[in-house]
K.L.:
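This is the structure I want to talk about, given as structure tokens.
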Amino acid sequence: MEKELENKIKQIKPVDRQLERQAKAVFDAVFKPIDGLGRLEDILCRIAAIQGSCQILLEKRAVFVFCSDNGIVQEHISQSPSKITRVVAANMAAGKASINRMAACCHTKVVPVDIGMQKPVEGCLDYRVTNGTKNFAKEPAMERKEVIKAILTGIELVFQYKQKGYNLFGTGEMGIGNTTTTSALSSLLLKLSPQEVTGRGAGLSDIGLARKYKVIEEALVFHFGADYNKQEYSVISMLEKVGGLDIAGLTGVFLGGALYQVPVIIDGVISACAAVLAARICPIAKQYMLASHLGKEPAHEYLLEELGLTPIIHGDLALGEGTGAVLLIPMLDMALSVYYNQETFVKNHIEAYKRQKGD
């Protein structure tokens, strides 16, 4: 499996910047001020480069929501029990969760994926690698082969859905305890302390947050030593020691987007952590990622900065499930309607705005 992953990574190619410039010329020809839609124009031009065509296609989209359980919940770092993961996953499968409601508004398919819940849930795609991760405060969260299998699962799902005609993907997750896992990984990735990257998750009290800091700190020292945030570690090693399966699966989705030339929207802090992991494996993968929003968790902003991406939406979100990712989609739809607007400067017999030197 490891060789299979390496071979896929080697096939990833940079986007075509010339197409990005050509798409910008299309926008500039529309009867409006230059860069009138700001970063939305930049995102659509990037999508043209990703898709390899100025005929930008967004009409068939899906959000992958990876569901898994986290053994670190045993350390009482969440006010919610693990069983909530399965309840929400079941609601997703039944079309009743928050992500389903929001995705329906922008005609986006929700794909709940069981990549590692303790028990299966009817209606979720069954790609279970194992029955949840182990408690990384006491032992490695996963085996190396499990990490690689989860990453390959994410890549495979992108392939399957591109074959079905999907041309835009969002990312989401569901798993009680996964903000703790994300904070631990973010501390390693960004070389920051747990206190700098850790938030309240699903509403921890001050006492609960202090415990979360302590659990993460002690776990990182246990696995990586006292100078854990001064060293470099491989992505596989970090995921093996800390987890989680949802993050590994999402890492695969970002790599799959780059491999199969499909834009992938980053959701919240957990999704952003997976995006950084994917970029550490293959820096070119950053070119295929789109930032949607900036959420409440402290690590989110740091992770997006690491990727060199600026979010469009500053909504203080903390819901997860891919809800922030789908918020971007109707905005892209509206911007695309302007991109295809036939009311051009030429048609109106007016000289087009010219880009000044340095624009």
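Start at 1 with the first residue, then count along the sequence. Excluded from the calculations below are hydrogen atoms, water molecules and symmetry mates; all remaining heavy atoms, backbone and side chain alike, are included.
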K.L.:
Distance only, no hydrogens: is a donor on one side chain within 3.5 Å (strictly under) of an acceptor on the other, for Gln51 and Asn167?
P.N.:
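No - no donor-acceptor pair under 3.5 Å links their side chains.
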K.L.:
Does a side-chain N-to-carboxylate-O contact under 4.0 Å join Lys191 and Asp227?
P.N.:
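Judged by the 4.0 Å cut-off on N to carboxylate O distance, Lys191 and Asp227 do not form a salt bridge.
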K.L.:
Could you tell me which non-hydrogen atom of Leu290 sits nearest to which non-hydrogen atom of Pro263, and how far apart they are?
P.N.:
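Heavy atoms of Leu290 and Pro263 come nearest at CD1-CB, 4.0 Å.
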K.L.:
Shortest non-hydrogen contact from Lys60 to Lys164?
P.N.:
NZ-O, 2.7 Å
K.L.:
So does Ile72 get a backbone contact from the side chain of Asn70, meaning a donor-acceptor N/O pair under 3.5 Å?
P.N.:
no
K.L.:
Flag the pair Cys282 / Phe254 as yes when at least one side-chain heavy-atom distance between them is below 4.5 Å, and no otherwise.
P.N.:
no
K.L.:
Take Met117 and Met174 through the test side chain to side chain contact (heavy atoms under 4.5 Å, CB included) and record every step on the way to the result.
P.N.:
CA-CA 10 Å; Met117 288 187 286; Met174 179 59 217; over 6 Å; no
K.L.:
Donor-acceptor pair, distance only, cut-off 3.5 Å: does the side chain of Ser187 make one with the backbone of Ser183?
P.N.:
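No, because the side chain of Ser187 does not come within donor-acceptor range (under 3.5 Å) of the backbone of Ser183.
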K.L.:
Using modelled atom types and a 3.5 Å cut-off, is there a donor and acceptor pairing between side-chain atoms of Tyr233 and backbone atoms of Tyr228?
P.N.:
yes
K.L.:
For Tyr161 and Phe64, take the angle between the two ring planes, folded into 0 to 90°, and tell me which bin it lands in: parallel under 30, tilted 30 to 60, perpendicular over 60.
P.N.:
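Rings of Tyr161 and Phe64: perpendicular, as their planes differ by over 60°.
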K.L.:
I'd like to know whether NZ of Lys162 has more than 12 heavy-atom contacts from other residues, nucleotides or ligands below 6.0 angstrom.
P.N.:
yes
K.L.:
With a 4.0 Å cut-off on N to O distance, would you call Glu20 and Arg17 a salt bridge?
P.N.:
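Answer for the salt bridge query: yes.
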K.L.:
Between Thr85 (side chain) and Ile176 (backbone), is there a donor-acceptor pair under 3.5 Å?
P.N.:
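Looks like yes, one N/O pair under 3.5 Å.
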K.L.:
Find out whether Leu277 and Leu250 are in side-chain contact, i.e. whether some heavy atom of one side chain is under 4.5 Å from a heavy atom of the other.
P.N.:
no
K.L.:
Strictly below 4.0 Å, N to O, side chains only: are Lys8 and Glu156 in salt-bridge contact?
P.N.:
no
K.L.:
Looking at CG of Leu309 and CG of Leu294, how far apart are the two atoms once the value is rounded to the nearest 0.5 Å?
P.N.:
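Taking CG in Leu309 and CG in Leu294, the distance rounds to 12.0 Å.
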K.L.:
Distance-only, no hydrogens or angles: does the Asp69 side chain make a donor-acceptor pair with backbone N or O of Gln118 under 3.5 Å?
P.N.:
yes
K.L.:
Return yes if some donor-acceptor pair links the side-chain N/O of Asp267 with the main-chain N/O of Gly322 below 3.5 Å, else return no.
P.N.:
yes
K.L.:
Give the minimum heavy-atom separation between Ile313 and Leu328, together with the two atoms involved.
P.N.:
CD1-N, 4.1 Å
K.L.:
So do Gln287 and Pro14 actually touch side chain to side chain, heavy atoms under 4.5 Å?
P.N.:
yes
K.L.:
For Thr108 and Ala62, indicate whether the former's side chain and the latter's backbone hold a donor-acceptor pair under 3.5 Å.
P.N.:
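Answer holds: no.
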K.L.:
Below 4.5 Å, heavy atoms only, C-beta onward: do Leu327 and Met102 meet side chain to side chain?
P.N.:
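When only atoms from C-beta onward are counted, Met102 and Leu327 do touch, with a gap below 4.5 Å.
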K.L.:
Is any side-chain heavy atom of Lys241 less than 4.5 Å from a side-chain heavy atom of Phe224?
P.N.:
yes
K.L.:
Please report the closest heavy-atom contact between Ala285 and Met289, naming both atoms and the distance.
P.N.:
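That closest heavy-atom pairing would be O-CG, 3.5 Å.
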K.L.:
Report, as yes or no, whether the 6.0 Å neighbourhood of atom CD on Glu196 holds more than 12 heavy atoms from other residues, nucleotides or ligands.
P.N.:
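Yes, enclosed.
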K.L.:
I need the minimum non-hydrogen distance between Val63 and Gly172, along with the two atoms involved.
P.N.:
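For Val63 and Gly172, the tightest heavy-atom pair comes out as CG2-N, 4.2 Å.
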K.L.:
Answer whether the closest heavy-atom distance between the side chains of Tyr166 and Val262 falls below 4.5 Å.
P.N.:
no
K.L.:
Do Lys119 and Asn131 have side chains that approach each other closer than 4.5 Å (heavy atoms only, starting at C-beta)?
P.N.:
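No. Closest side-chain heavy atoms not under 4.5 Å.
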K.L.:
Taking Asp246's backbone N and O only, do any of them form a donor-acceptor pair with Glu173's side chain (distance below 3.5 Å, no angle check)?
P.N.:
no
K.L.:
Using only atom types and a distance under 3.5 Å, with no angle test, would you say the side chain of Thr133 pairs donor to acceptor with the backbone of Gly71?
P.N.:
yes
K.L.:
My understanding is that only residues two or more places apart in sequence, or in another chain, count here; which of them pass side chain to side chain contact (heavy atoms under 4.5 Å, CB included) with Gln163?
P.N.:
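If we apply the side chain to side chain contact (heavy atoms under 4.5 Å, CB included) test to Gln163, skipping adjacent residues, the hits are Phe159.
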K.L.:
State plainly whether the residues Asp35 and Lys24 are in salt-bridge range, i.e. N to O under 4.0 Å.
P.N.:
yes
K.L.:
Ion pair present between Glu146 and Lys134, side-chain N to carboxylate O less than 4.0 angstrom?
P.N.:
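Result for this pair is no, no salt bridge flagged.
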K.L.:
State, yes or no, whether a side-chain contact exists between Leu19 and Cys54 at a heavy-atom distance under 4.5 Å.
P.N.:
yes
K.L.:
When rounded to the nearest 0.5 angstrom, what is the spacing between CG in Leu332 and CG in Leu336?
P.N.:
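These two atoms lie 8.5 Å from each other.
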K.L.:
Which atoms form the tightest heavy-atom contact between Val253 and Val158, and what is the distance?
P.N.:
O-CG2, 3.6 Å
K.L.:
Check the pair Arg21, Asp16 against salt bridge (charged side-chain N to carboxylate O under 4.0 Å, His left out), reporting the backbone distance first and the verdict last.
P.N.:
CA-CA 9 Å; Arg21 290 188 286 272; Asp16 186 341; over 6 Å; no
K.L.:
With no hydrogens and no angle check, is any side-chain donor or acceptor of Arg86 less than 3.5 Å from a backbone partner on Pro120?
P.N.:
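Between the backbone of Pro120 and the side chain of Arg86 there is a qualifying donor-acceptor contact (under 3.5 Å).
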